[in-house]
Amino acid sequence: MTFTQRHLLGIEPLHPTEITTILDLADDYVRLNRQPQKHGDALAGLTQINMFFENSTRTQASFELAGQRLGADVMNMAMQASSIKKGETLIDTALTLNAMHPDLLVVRHPHSGAVDLLAQKVNCAVLNAGDGKHEHPTQALLDALTIRRAKGRLHRLNIAICGDIAHSRVARSNIILLGKMENRVRLVGPPTLLPAGIGEFGVEVYDDMREGLKDVDVVMMLRLQRERMDGGFIPSEREYYHRYGLDAEKLSHAKPDAIVMHPGPMNRGVEIDGEIADDINRSVIQEQVEMGVAVRMAAMDLLARNLRAARETREVMA
Ligand code: ASP
């Protein structure tokens, strides 16, 4: 087993063997989660604090469940209602929490880089649950696990990531992960929703869905992230659905066994047709949610092992 990280701040710092280590352990946790008795003890005695400065449904719930299943004491800080509203800085909040001796801190923040900054100020393991447009590492890992289980491998696949790429931390983390594992990634979307400097990512770019989806193994749809848009990026939702919404006709250009993914929350009738989303022969959207719990259990387990090892080394040295 190779996993040397202290924190999980992004996919960028991970070595491909570390990605495989997380996914292999997550496979074990998928098996555990399907048993009537789902409890492990990898985090027994440890305290996990979830700090979500942005709304979340799936991510927060699955981090909470993951911690509980592995025996941690889990606390959710209601950040909307906390001292942040009274003007306390992120660093002051972090230092206050640090004084309560958490072992794992799970943080979502609207600003890119905020979670990295916080990780420098605390002495526990920090997991990035999404920071601005930057990274969402556990989402990319759960997507990777879903793909690996559906396709039997995680290399040499053709994968199309479609829609609002410019505002998406999910797209960014996935592009990095899928590239590290030697897949061919295509980005498909209107030029206004592609990030600047796209050339550096080593991906192919298409503004036509039918061309972009031709013969792909995986179709990953993204939500139109209106909360991050500060202008008119698309003419109208109707027009967007017409050109970029995934429906049966557009999907027919992908391989016959291509899978359909979406990180949620979905806007049915905007980026995806409801029938495609619910088609159990094509859509793996529910599997993604299931894999989310297992991947978060695996990530916290591995970080906790490194944390315990570092503490033991410090004790020996002292
Ligand atoms: N849930 C994902 C995220 O937090 C995707 C989305 O919001 O569209 O980035």
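Indexing begins at 1, ligand by ligand and atom by atom, following the structure's order. Computation of the quantities below employed the complete heavy-atom set of this structure, encompassing side-chain atoms and omitting hydrogens, waters and symmetry-equivalent molecules.
- Each of the atoms 6 (C), 7 (O), 8 (O) of ligand 1 lies under 4.0 Å from some heavy atom of Arg223.
- The residue Arg58 has no part lying near ligand 1, judged by heavy-atom distances below 4.0 Å.
- Taking the ring axis of Phe63 as reference, the NZ or CZ atom of Arg296 stays within 45° of it and closer than 6.0 Å to the ring centre.
- Using modelled atom types and a 3.5 Å distance limit, the side chains of Asn306 and Gln5 yield no donor-acceptor pair.
- Of the possible donor and acceptor atoms, none in the side chain of Arg282 sits under 3.5 Å from a partner among the backbone N and O of Ile259.
- Proximity of Gln139 to ligand 1 is not established, as no heavy-atom distance is less than 4.0 Å.
- Screening residues 2-26 for ring pair (Phe, Tyr, Trp, His ring centres under 6.0 Å) gives no qualifying pairs among residues at least two apart or on separate chains.
- For the ring pair (Phe, Tyr, Trp, His ring centres under 6.0 Å) condition, the pairs that include at least one residue of residues 148-188, sequence neighbours left out, are His167-Phe233.
- Taking distance alone, with nitrogen or oxygen atoms compared against 3.5 Å, Arg169 approaches ligand 1 more closely than that limit.
- Using a 4.0 Å cutoff on heavy atoms, Gly130 does not count as a contact of ligand 1.
- Formation of a donor-acceptor pair under 3.5 Å by the Asp247 side chain with backbone atoms of Lys250 is found in this model.
- Put simply, no part of Ser168 is less than 4.0 Å from ligand 1, judged by heavy atoms.
- The nearest heavy-atom contact from the protein to atom 2 (C) of ligand 1 is Gly264 O, 3.6 Å.
- Side chains of Gln139 and Asp143: a donor-acceptor N/O pair is present below 3.5 angstrom, by distance only.
- Note: no N/O pair closer than 3.5 Å links Val170 and ligand 1 by distance alone.
- Proximity to Arg108 (heavy-atom distance under 4.0 Å) selects the following atoms of ligand 1: 4 (O).
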